[in-house]
Amino acid sequence: MNCEQVDELLGAYALAALPDDERRAVEVHLASCDLHEEAGALRLTAEALAIAPPPRDPGPALRARILTAIAEEETAPRRLRALLRPPRRLPLPYALAAALAIVAGGLLAWNIVLQADDDGPAVLVRAFAGELGSGTLVVLEDRGQVVLILDDLPALGPEQDYQVWAIVDGAAHSLGVVDARAGGRLTVALGADFAEITAVAVSVEPAGGSDQPTTTPILTATF
Amino acid sequence: MTDDLARDVLASLDADAVQSCLAQLPDDQRRPIELAYFEGLTHVEIAAELGIPLGTVKSRLRLGLAKMRTQLEGAGYP
């Protein structure tokens with residue numbers, strides 16, 4: 001097998017999509033030829049495709065900021081509240097507004113921390129809890145990335161899913177359906193513009209999710 | 001506990017970044033990659049499944065992966 005033939009197969013090789021004889025031929029060639037840097041890069045990318053990729057070393061700076069923000073959120077968060085704009089009240093559709101009010105009455109904790117410094121992204125942590133389960137929103141502000149972590153929610157049967165909603169201008173937009181069959185901790189990365197969002201809610205919906213919430217949210221975080 | 005939380009957050013962001021890169025590929029590159037990785041098909045089986053020539057499968061697997069690589073690097077992944 002020559003270099004050109006090997007190059008042609010690098011994608012299939014990285015994805016383990018070659019029959020054994022071809023895979024061995026590629027391996028033999030790569031072992032004695034250093035002209036195929038692309039092979040290693042494609043292999044790494046293919047490995048990243050694992051549905052639950054292995055934890056990446058976040059780097060000491062980002063890791064420290066996340067840990068500090070979480071620790072502060074658990075101990076003395078209130079002094080930092082002034083850094084954030086106060087929660088806004090917006091006209092919500094009647095049913096949803098009533099639902100949010102019911103949930104707000106059941107909140108056990110509602111804490112905010114803004115952790116930022118000169119050499120890295122701001123990390124915002126927001127913890128909330130209801131009668132069922134608890135949640136944590138971690139916002140990496142400059143990345144526009146948000147992760148919602150849900151703990152202690154009851155496992156659901158095959159006919160139901162948890163669905164996450166963003167409230168924008170009083171309207172609920174689905175942020176995705178969470179498969180809760182396994183129970184335990186659930187994490188969801190939310191690709192949403194959080195400048196526009198006034199609340200995040202979690203409700204129980206028929207399997208596959210609904211266009212709009214059909215039950216009272218079990219968890220709500222108001223911004 | 002908080003260490004676990006940080007790890008979960010980062011793992012979730014990673015998964016989201018990878019899935020988003022895959023979703024951004026054109027269908028003709030994304031499908032062969034999905035069949036190879038998630039379904040475990042060989043390139044010959046992918047060609048049969050999609051009804052396209054073997055050479056096309058090879059080039060789409062390579063192009064699609066390379067494009068994902070570029071996007072992940074652009075997003076700060078090593």
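Letters A, B, ... mirror the listed sequences (proteins, then strands); counts begin at 1.
The pair R62(B)-E38(A) counts as a salt bridge, with a side-chain nitrogen and a carboxylate oxygen less than 4.0 angstrom apart.
Contacts from residues 3-10 of chain A to chain B, taken as heavy-atom pairs separated by less than 4.5 Å, involve D7(A), E8(A), L9(A) in sequence order. By a heavy-atom distance cut of under 4.5 Å, L41(B), T42(B), H43(B) are the residues of residues 40-56 of chain B near chain A, going up by number.
Atom OG1 of T45(A) sits about 11.5 Å away from atom CG of L22(B), to the nearest 0.5 Å. Note: L44(A) CG to E73(B) CD = 9.0 Å, rounded to the nearest 0.5 Å.
Listed options L65(B), I33(B), L63(B) were ranked by heavy-atom pairs under 4.5 angstrom with chain A; first place goes to L65(B). Annotation: maximal heavy-atom pairing with chain B below 4.5 Å, among G11(A), A41(A), A17(A), occurs at A17(A).
In N2(A), the CG atom is crowded: over 12 heavy atoms of neighbouring residues, nucleotides or ligands sit closer than 6.0 Å.
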